[in-house]
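In what follows, every chain begins at residue 1, and chains take the letters A, B, ... in the order their sequences are listed.
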There are 2 protein chains.
Amino acid sequence: MTAEEENLRADARANRDRILDVAREALAADPTASLSSIAKAAGVGAGTLYRHFPSREALVLGVYRTEIDALVDLAPRLLAKHPPLEAFRLWCDRLAKFGRMKYGIADIVHAATSEQNIQETYGPLINAVREMMDACKGSGDIHPEVDAEDLLMLLGLLWRIPPNAAGQARTKRLLALIFRGMGAKNTAAPDAVPS
Amino acid sequence: MTAEEENLRADARANRDRILDVAREALAADPTASLSSIAKAAGVGAGTLYRHFPSREALVLGVYRTEIDALVDLAPRLLAKHPPLEAFRLWCDRLAKFGRMKYGIADIVHAATSEQNIQETYGPLINAVREMMDACKGSGDIHPEVDAEDLLMLLGLLWRIPPNAAGQARTKRLLALIFRGMGAKNTAAPDAVPS
DNA sequence: TGAAATAACGGAGAACTCTCCGCTTAGTCA
DNA sequence: TGACTAAGCGGAGAGTTCTCCGTTATTTCA
């Protein structure tokens, strides 16, 4: 997953970084900012932007790469400190919270689920989920036939929920439903969700 | 929900019908057919098409309105013939099947979940779900706190699954997970899903 | 029936996405 | 260090989406 960043000619790499910098600001200010305006602001042609990020989704994923990596890193750390099921619950809460912060951009990420050019960023996320699920299966906390990709699909849904009070309640209900659907017993207090 | 069809001037209504006719064919042939090409084929200006259907989603929902209505009508008929939970399961299977047939268009429908101008078509679907869920709650088959809109969000997800063999397996797994999440006991044979 | 009122039309045009391909330049090797 | 060779650039342009608003048609009602 670093292949896209290494083996790049110096100028290409500089352009890539510059585009990401500009895009981070532009998208934060307005999630619908046009790609051509981002290209112009970064001082590159549209072709250059599209070569590096073939779609809006790819660019967004690039921009939030850091946050996604952090989420991936979090998984083993939680597993080390908590029983599997609890670790998994906490991780999902964090994932939901991340989506809540990025609402308006989240649907783009979600739409990207099945695109190949996204798999590179998406893959590590799947691995993190799988790792946690395997731990939970090992401890008998969830059904063994539940699939990591299935689950990530469901979790991606959480990112499409508006970040208001009603949305937070819905997130809580859906997470509860999903965990129950995976066969988890009601061990966690439903109010233990950190804000 | 008929307000959009009544109170229309004669020419407007004729245009609306013609657009739907043309769009049905054009979208069946190519789900990415441009809206301007559809407008041209229907012999109306772009403005007219957009006034009737403010977005691609609205047009698609209009085109599949018949099928959606059929799905809505199906709910009470199933409830009359089967125990609540079984009726609900059968209905969800039909919903999944519908999505499978319309793959490529389904994501558009899914994306429209929170748009107001879609609520008219979306509303009856929610009502159908609520009706079945209430029956299931009445018979104690599912948890009382599960929400109809939550569930429809989850079911909408099924429409985004590719209609191949792997996709069908995933659909089955997800439906099983969702029903388990709602608190349903494993009553239905997992192979009872009609193709 | 003949205006007046207003619902609806339709296409020009602004803004955008994405591709194509001739040109430029970084890396390489004798 | 001077060319050679791809990798990379960038902008023109084709195709879209969606809006705006002057024009046209349908109702209504006197």
Fill in: N/O (side chain, B/T48) to phosphate O (OP1/OP2, C/dG10) under 4.0 Å
yes

Nucleotide N/O to protein N/O under 3.5 Å, stretch nucleotides 28-30 of chain D:
none

Discussion item. Could you work out, with side chain to side chain contact (heavy atoms under 4.5 Å, CB included) as the rule, every residue matching B/E25, not counting sequence neighbours?
Written reply: none

Item to complete: Can you sort out the partners of A/D141 under salt bridge (Lys or Arg N to Asp or Glu O under 4.0 Å), two or more places apart, ordered by chain and number?
Response: none

Nucleotides 18-22 of chain C: which of its N/O atoms have a protein N/O under 3.5 Å away?
unit_1 : atom_1 : unit_2 : atom_2 : d
C/dC18 : OP2    : A/Y50  : OH     : 3.3

Worksheet item: Within a reach of under 6.0 Å around CZ of B/R94, are more than 12 heavy atoms found that belong to other residues, nucleotides or ligands?
Response: no

Fill in: Residues forming a side chain to side chain contact (heavy atoms under 4.5 Å, CB included) with B/D134, sequence neighbours excluded
B/R130, B/K137

Worksheet entry | C/dC9 phosphate, OP1 or OP2, under 4.0 Å from B/N15 side-chain N/O | yes

Fill in: Minimum heavy-atom distance between A/C92 and A/L175, given as atom pair plus value
CB-CD2, 3.9 Å

Worksheet item: Who passes side chain to side chain contact (heavy atoms under 4.5 Å, CB included) against A/D11, sequence neighbours left out?
Response: A/R9

Could you list the donor-acceptor pairs under 3.5 angstrom formed between side-chain atoms of residues 34-44 of chain B and any protein atom two or more places apart in sequence or on another chain?
unit_1 : atom_1 : unit_2 : atom_2 : d
B/S34  : OG     : B/S36  : OG     : 3.4
B/S34  : OG     : B/S37  : N      : 3.0
B/S34  : OG     : B/S37  : OG     : 3.2
B/S37  : OG     : B/S34  : O      : 2.7

Item to complete: Starting at atom CG of A/N7, determine the distance to atom P of D/dA6, rounded to an integer number of angstrom.
Response: 16 Å

Response to the item:
Those residues at least two apart in sequence (or on a different chain) that pass ring-ring contact (aromatic ring centres under 6.0 Å, His included) with A/F53 are none

Worksheet item: side chain to side chain donor-acceptor pair (under 3.5 Å) with B/D147: which residues, sequence neighbours excluded?
Response: none

Worksheet item: Is A/R65 salt-bridged to A/D69, going by a charged N under 4.0 Å from an acidic O?
Response: yes

Item to complete: Using atom CZ of B/R13 as one end and atom C1' of D/dT27 as the other, report the distance to the nearest whole Å.
Response: 17 Å

Item to complete: Figure out the CD1/C1' separation between B/I19 and C/dC9, and round it to whole Å.
Response: 11 Å

Worksheet item: What are the two closest heavy atoms between B/L155 and B/W91, and how far apart are they?
Response: CD1-CZ3, 4.3 Å

Could you write out each protein N or O paired with an N or O of nucleotides 26-28 of chain C at a distance under 3.5 Å?
unit_1 : atom_1 : unit_2 : atom_2 : d
C/dA26 : O4'    : A/R9   : NE     : 3.4
C/dG27 : OP1    : A/A10  : N      : 3.1

Worksheet entry | Phosphate contact (C/dA8 OP1 or OP2) by B/H52 side-chain N/O below 4.0 Å | no

Fill in: Sequence-distant partners of B/D30, salt bridge (Lys or Arg N to Asp or Glu O under 4.0 Å), two or more places apart
none

Contacts under 3.5 Å, N or O only, protein and nucleotides 1-4 of chain C:
none

Worksheet item: Want to settle it: does B/A12 or A/S37 sit nearer the 5' end of DNA chain C, counting the closest nucleotide to each?
Response: B/A12

Practice prompt. Starting from P on C/dC9, measure out to CG on B/D17 and report it in whole angstrom.
Written response: 12 Å

Worksheet item: Taking it one step at a time, do B/L125 and B/L152 satisfy side-chain contact (heavy atoms from CB on, under 4.5 Å)?
Response: CA-CA 8 Å; B/L125 217 44; B/L152 202 48; 4.1 Å; yes

